[in-house]
2 protein chains.
Amino acid sequence: MKSSVSSDAHPEPKYSETATRILDAAEGLFVELGLEATSLRQITQQAGVNLAAVNYHFRSKDALFEAVFARRFAPWARECLRELDALEASVASGKAALDVEAVVMCYVRPALALSKDPSRGGAVFVRLFSRVLVENHRQLRETLSREWGHLVTRYTAALGRALPRLSSEEVAWRLHLGFSVMFHAFAGNDILKLFGRSAVSARDPDLIVKHMVPFVVAGMSAAPSGKPAAG
Amino acid sequence: MKSSVSSDAHPEPKYSETATRILDAAEGLFVELGLEATSLRQITQQAGVNLAAVNYHFRSKDALFEAVFARRFAPWARECLRELDALEASVASGKAALDVEAVVMCYVRPALALSKDPSRGGAVFVRLFSRVLVENHRQLRETLSREWGHLVTRYTAALGRALPRLSSEEVAWRLHLGFSVMFHAFAGNDILKLFGRSAVSARDPDLIVKHMVPFVVAGMSAAPSGKPAAG
DNA sequence: CGACAACTCAAACAGTCGTTTTAAACGTAC
DNA sequence: GTACGTTTAAAACGACTGTTTGAGTTGTCG
């Protein structure tokens with residue numbers, strides 16, 4: 001089984017100091033206000049650079065957004081692939097069991113590491129990612145599908161092997177639901193907080209993992225859903 | 001135990017035909033494009049009304065957005081309260097058990113009914129709701145907290161009784177995580193679809209319920225999360 | 001009929017948006 | 001020194017934004 005991480009598939013672009021300042025400022029403002037509600041003048045003012053610098057270093061506002069996203073996403077996705085590679089290697093050599101929790105941790109560990117590392121965007125990027133999910137960036141979608149679609153395929157295959165008694169359709173649903181919890185938990189999307197009644201301080205990554213992993217593992221490992229549950 | 005649904009707590013405003021057309025058009029466009037990216041000219045053009053009608057019937061764009069939201073949310077929230085009242089009445093009279101699935105269904109049934117009823121916005125409103133969660137409308141937040149905060153309190157109390165062996169902190173986490181799955185599943189927020197690799201057609205409400213309820217019930221009913229799961 | 005309210009309409013308002021342009025400063029090579 | 005590509009600076013571009021204005025239409029009641 002060949003490694004999925006080739007060294008030059010996704011080369012890291014190098015940015016000048018001005019470009020980096022723009023990226024940092026844009027990242028924070030995009031998360032806080034959203035893409036449409038953030039103006040280039042706000043970004044350049046916060047970054048302490050000139051307005052025209054945006055269109056010089058990046059071509060347009062949309063291209064800037066994609067650069068903001070790609071800078072954080074690519075390293076994270078590579079880490080996910082490394083986790084899956086390591087798990088499969090351990091299973092092949094008999095050193096580990098391919099159970100549900102092991103697959104879950106292949107996502108949780110990179111997400112946890114990212115959340116705790118401000119130099120890679122920290123929790124801010126995860127929130128930005130959740131904005132991308134709700135807002136519908138066609139171009140970014142196509143990029144993710146083309147460049148990183150196999151990541152999902154890998155997780156699907158791994159979970160399928162961990163849940164051999166479930167049909168592939170049910171495995172897909174478990175993956176969909178499980179990733180939904182994990183993703184939004186790390187992003188801090190707390191519906192209950194909208195109502196001002198959340199008793200959960202959902203910002204400490206370690207606490208999130210502690211409570212989330214048992215929930216997700218139990219949900220993914222539930223008995224097959226034979227009958228419609230409304231009965 | 002008094003009923004939580006008073007008949008005049010949230011009176012339904014009546015809208016003229018023009019105002020209704022504006023609300024319908026705005027609802028669809030807000031979901032598709034987001035609040036900031038949708039212009040009043042797009043809304044009025046799609047509704048077939050004059051631009052100034054928006055500021056005549058509603059005061060401003062922000063007030064229009066709140067009207068769009070409130071029109072759908074209030075009836076739905078009332079239905080949730082009725083479900084909780086009915087469950088508590090059944091439990092008090094010994095006709096039903098207060099288990100996790102019963103509490104979950106107090107949310108699922110109204111959400112399912114809403115998703116299947118286009119005349120109340122259908123799945124479109126649930127998607128709009130998920131936008132509200134990510135974008136951060138201060139005013140809407142305050143309204144939800146003030147007018148409907150007790151809804152969350154009711155769910156918390158019910159789940160706490162269904163999970164008597166868990167601490168209140170853990171009950172809060174289970175509620176947070178469980179509602180996260182249910183909410184985003186109904187809203188159709190599929191992370192895997194971002195990568196173009198989702199094998200799940202997450203748009204049929206009955207199918208969503210069939211696969212989601214066992215997942216959520218199992219997750220909420222998991223054993224207490226004693227040790228950090230990373231070990 | 002006239003009077004009054006509800007509502008619609010086209011036009012204009014002041015402001016902001018992303019983007020472009022033009023000129024100036026910079027470091028480096030000849 | 002001059003010449004050059006790179007980066008920054010300020011100003012202007014046209015298009016679009018939410019909102020307001022004031023005249024016009026409609027329908028209803030007396």
Side-chain angles (χ1 to χ4, degrees), chain A residues 12-71 128 131-132 135-140 143, chain B residues 11-71 128 131-132 135-140:
Chain A
E12 299 287 341
K14 291 282 172 248
Y15 294 110
S16 71
E17 197 208 313
T18 301
T20 303
R21 291 243 295 278
I22 292 174
L23 286 170
D24 289 338
E27 183 171 57
L29 287 169
F30 283 154
V31 168
E32 213 169 325
L33 310 172
L35 172 61
E36 307 281 349
T38 303
S39 72
L40 293 181
R41 285 166 179 83
Q42 287 177 280
I43 294 173
T44 52
Q45 187 172 340
Q46 175 152 331
V49 303
N50 187 266
L51 171 61
V54 172
N55 289 51
Y56 175 80
H57 289 284
F58 313 89
R59 296 189 322 281
S60 64
K61 187 186 181 182
D62 277 324
L64 167 62
F65 180 77
E66 293 205 31
V68 166
F69 186 84
R71 178 176 68 144
L128 179 65
R131 267 197 186 267
V132 171
E135 309 176 2
N136 238 1
H137 271 267
R138 189 161 11 92
Q139 183 133 333
L140 200 50
T143 304
Chain B
E12 298 288 340
K14 291 282 171 248
Y15 293 112
S16 71
E17 196 208 313
T18 300
T20 304
R21 291 243 294 278
I22 293 174
L23 285 171
D24 290 338
E27 184 171 55
L29 287 169
F30 283 154
V31 169
E32 213 168 326
L33 310 173
L35 172 61
E36 307 281 349
T38 303
S39 72
L40 293 181
R41 285 165 179 82
Q42 287 177 281
I43 294 172
T44 52
Q45 187 172 341
Q46 174 151 329
V49 303
N50 188 267
L51 170 62
V54 171
N55 291 59
Y56 175 79
H57 288 282
F58 313 89
R59 296 188 323 279
S60 65
K61 186 187 182 182
D62 277 325
L64 167 64
F65 180 77
E66 293 206 29
V68 165
F69 187 84
R71 177 175 69 145
L128 178 66
R131 268 197 184 267
V132 171
E135 309 176 3
N136 238 2
H137 264 268
R138 189 161 11 92
Q139 183 133 333
L140 200 50

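Labels below follow one simple rule: chain letters A, B, ... track the order of the sequence lines, proteins then strands, and each chain is numbered from 1.
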Which nucleotide in C/dT8, C/dA10, C/dT19 has an atom nearest any side-chain atom of B/A53: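 Comparing C/dT8, C/dA10, C/dT19 against the side chain of B/A53, the answer is C/dT8.
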
Nearest-neighbour nucleotide for the B/H57 side chain, C/dT19, C/dT8, C/dT21 considered: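 From the listed options, C/dT8 comes nearest.
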
Sugar-phosphate only, base, or nothing, as touched by B/T38 at under 4.0 Å among non-hydrogen atoms: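 Contact class for B/T38: sugar-phosphate only.
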
Sugar-phosphate only, base, or nothing, as touched by A/S16 at under 4.0 Å among non-hydrogen atoms: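 No contact.
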
Roughly, in whole Å, what's the span from [atom1] in [X] to [atom2] in [N]?
X: B/Y15; N: C/dA6; atom1: OH; atom2: P; answer: 17 Å
X: B/N55; N: C/dC7; atom1: CG; atom2: C1'; answer: 14 Å
X: A/Q42; N: C/dC17; atom1: CD; atom2: C1'; answer: 11 Å
X: B/F58; N: C/dT8; atom1: CZ; atom2: P; answer: 11 Å
X: A/R59; N: C/dT19; atom1: CZ; atom2: P; answer: 10 Å
X: B/Y56; N: C/dT8; atom1: OH; atom2: P; answer: 8 Å
X: A/R41; N: C/dT20; atom1: CZ; atom2: C1'; answer: 12 Å
X: A/Q45; N: C/dG18; atom1: CD; atom2: P; answer: 13 Å

Residue met sooner reading DNA chain D from 5', once B/D62 and A/N50 are mapped to nucleotides: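 The residue closer to the strand's 5' end, by nearest nucleotide, is A/N50.
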
Contact under 4.0 Å: A/S39 side-chain N or O vs C/dC17 OP1/OP2: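 It does, given that an N or O in the side chain of A/S39 lies less than 4.0 Å from OP1 or OP2 of C/dC17.
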
4.5 Å side-chain heavy-atom contact, [X] and [Y]:
X: B/L64; Y: B/L23; value: yes
X: B/L40; Y: B/N55; value: yes
X: A/R71; Y: A/D24; value: yes
X: B/E36; Y: A/L35; value: no

Plane angle bin for A/F30 and A/F65 - parallel if under 30°, tilted between 30 and 60°, otherwise perpendicular: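 It falls in the perpendicular class, over 60°.
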
Geometric class of the B/Y15/B/F58 ring pair [parallel <30°, tilted 30-60°, perpendicular >60°]: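 If you compare the ring of B/F58 with that of B/Y15, the planes turn out tilted.
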
Upstream residue (5' side of DNA chain C) when B/T18 and A/L35 are each assigned their closest nucleotide: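 With B/T18 and A/L35 compared, the 5'-side residue is B/T18.
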
Range on DNA chain D touched by chain A - first to last nucleotide, heavy-atom distance under 4.0 Å: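 For DNA chain D, the relevant span reads D/dT6 to D/dA12.
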
For the student: nearest non-hydrogen atoms of A/R131 and A/L33, plus distance: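 Smallest interatomic distance, heavy atoms only, reads NH2-C, 3.8 Å.
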
